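In what follows, every heavy atom counts, from backbone to side chain, and hydrogens, waters and symmetry copies are set aside. Source: prediction; values computed, not measured. Chain naming here is simple, since letters A, B, ... match the order of the sequence lines and numbering starts at 1 in each.
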Protein chains: 2
Amino acid sequence: MVAPFAVLAEPARRRILDLLRERPRLVGELSAELGLSQPGTSKHLRVLREAGLVEVQAIAQRRRYALRAAPLAELDDWLAPYRRFWTRRLDALERELDRMEDA
Amino acid sequence: MVAPFAVLAEPARRRILDLLRERPRLVGELSAELGLSQPGTSKHLRVLREAGLVEVQAIAQRRRYALRAAPLAELDDWLAPYRRFWTRRLDALERELDRMEDA
DNA sequence: CGGCTATATAACCAAGTAGCTATGGTGTGG
DNA sequence: CCACACCATAGCTACTTGGTTATATAGCCG
């Protein structure tokens, strides 16, 4: 139940979640798509599992991993109070772009 | 221009941003509030600076650090496609809580 | 100018970790 | 029931990193 920040610091793990967002996958599929060794993939999956970010379904000797996005809410909560800081800037940028289009 | 994920994996750095969200601060203030050594604090500030998450203003021999939230948008972008996955669950939870209140 | 304050950088160390290969466990299918 | 496929874990290594102390740089003030 480590904060998801540390878990998501690893690009490979973000990539796994991106893939699972599409549909659940077997370890072998993930390993192939990541271009990573099978044990390496399993290690990342373990971290994600312990963080509650994925759930496993056993199908014979296979393991189907699926996304569990709930813990990401914690990340969103941390982010929330910052949102107004950059939306302002984006608004300013948009106005700037609009001005450039006019010219 | 490292992805902000790795930068924010460190609790001390998230704490720094939280403090700067309130108001800009000097290194000494941050060091004190974090309970960290001054060099340690400076090291974190360097990482945040290189990630574009803070900006510095020199005042004599002091350094006033301020929040620059723009790079957090990248984090928000990554998070966006996941949002619908847990809002569903939260909605369900809310309905459940409403039901409990009624009882 | 001399000493003090504020900060950055350097050098070092201990701990964590991501990758690998090797191996173990388990269920399938021929 | 046996050889194989799928996956997890163990064990190793190289690298990264967060913390420290020591030192350098720079500006202030008496």
Side-chain angles (χ1 to χ4, degrees), chain A residues 1-20 22-68 71 75 78, chain B residues 1-20 22-68 71 75 78:
Chain A
M1 136 156 178
V2 173
F5 288 93
V7 174
L8 296 178
E10 186 59 26
R13 288 196 284 263
R14 290 199 301 276
R15 183 115 179 73
I16 288 178
L17 292 190
D18 286 338
L19 289 168
L20 295 184
E22 196 178 322
R23 57 179 166 85
R25 316 230 179 187
L26 303 177
V27 177
E29 301 180 60
L30 292 171
S31 177
E33 306 212 53
L34 294 175
L36 226 101
S37 72
Q38 174 266 310
T41 306
S42 281
K43 219 163 166 184
H44 284 305
L45 286 171
R46 179 193 176 100
V47 175
L48 289 168
R49 207 188 320 135
E50 287 174 351
L53 282 163
V54 298
E55 55 192 6
V56 208
Q57 177 193 5
I59 304 176
Q61 73 275 45
R62 330 250 196 106
R63 298 289 182 272
R64 183 193 304 277
Y65 279 84
L67 177 65
R68 242 193 100 249
L75 208 159
W78 182 85
Chain B
M1 153 168 156
V2 174
F5 288 94
V7 174
L8 295 178
E10 185 58 27
R13 288 197 283 262
R14 291 199 300 276
R15 182 115 179 74
I16 288 177
L17 291 190
D18 285 339
L19 289 167
L20 294 185
E22 195 179 321
R23 58 180 165 84
R25 316 230 180 188
L26 304 178
V27 177
E29 300 179 62
L30 291 171
S31 177
E33 306 210 54
L34 295 175
L36 228 106
S37 71
Q38 173 265 311
T41 306
S42 281
K43 223 165 165 183
H44 283 306
L45 287 171
R46 180 194 176 98
V47 175
L48 289 168
R49 207 188 319 135
E50 288 172 352
L53 282 163
V54 298
E55 55 191 6
V56 208
Q57 176 192 7
I59 304 177
Q61 73 274 47
R62 329 254 194 104
R63 297 289 181 274
R64 183 192 305 275
Y65 279 85
L67 177 65
R68 241 192 103 249
L75 208 158
W78 182 86

Mind calculating the distance between CG (B:L34) and P (D:dT20) to the nearest angstrom? 11 Å
Expressed in angstrom and rounded to an integer, what is the separation of B:I59 atom CD1 from D:dC29 atom P? 13 Å
Protein-proximity profile, nucleotides 7-14 of chain D, B/S/- by nucleotide at the 4.0 Å heavy-atom cutoff, equals BBB-B---
Rounding to an integer number of Å, can you tell me how far B:E50 CD sits from D:dT16 P? 15 Å
Does any non-hydrogen side-chain atom of B:Y65 lie less than 4.5 Å from one of B:L53? no
Euclidean distance, A:W78 CH2 relative to B:D18 CG, rounded to 0.5 Å: 6.0 Å
In whole Å, what is the span from the CD atom of A:E10 to the C1' atom of C:dT17? 9 Å
Using side-chain heavy atoms (C-beta onward) and a distance below 4.5 Å, is A:L19 in contact with A:R15? yes
Look only at the side chain of B:R68 and the backbone of B:G52, and say whether a donor-acceptor pair between them is shorter than 3.5 Å. yes
Electrostatic pair B:E10-B:R14, nearest N-O below 4.0 angstrom: no
Determine: side-chain N/O of B:S37 to OP1/OP2 of D:dT20, distance under 4.0 Å, yes or no. yes
Side-chain N or O of B:H44 versus OP1/OP2 of D:dG19: is the shortest distance under 4.0 Å? yes
Could you state the atom-to-atom distance from CZ of B:R25 to P of C:dT7 in whole Å? 14 Å
Check residues 26-39 of chain A and write down every donor-acceptor pair under 3.5 Å in which the side-chain atom is one partner and the other belongs to a residue at least two apart or another chain.
from	atom 1	to	atom 2	distance (Å)
A:E29	OE1	A:R23	NH1	3.3
A:E29	OE2	A:L26	N	3.1
A:S31	OG	A:L36	O	2.7
A:E33	OE2	A:R25	NH1	2.3
A:S37	OG	A:G40	N	3.1
A:Q38	NE2	A:S42	OG	3.2

Closest-nucleotide mapping onto DNA chain C: is A:A60 or A:A12 further toward the 5' terminus? I mean the 5' end. A:A12
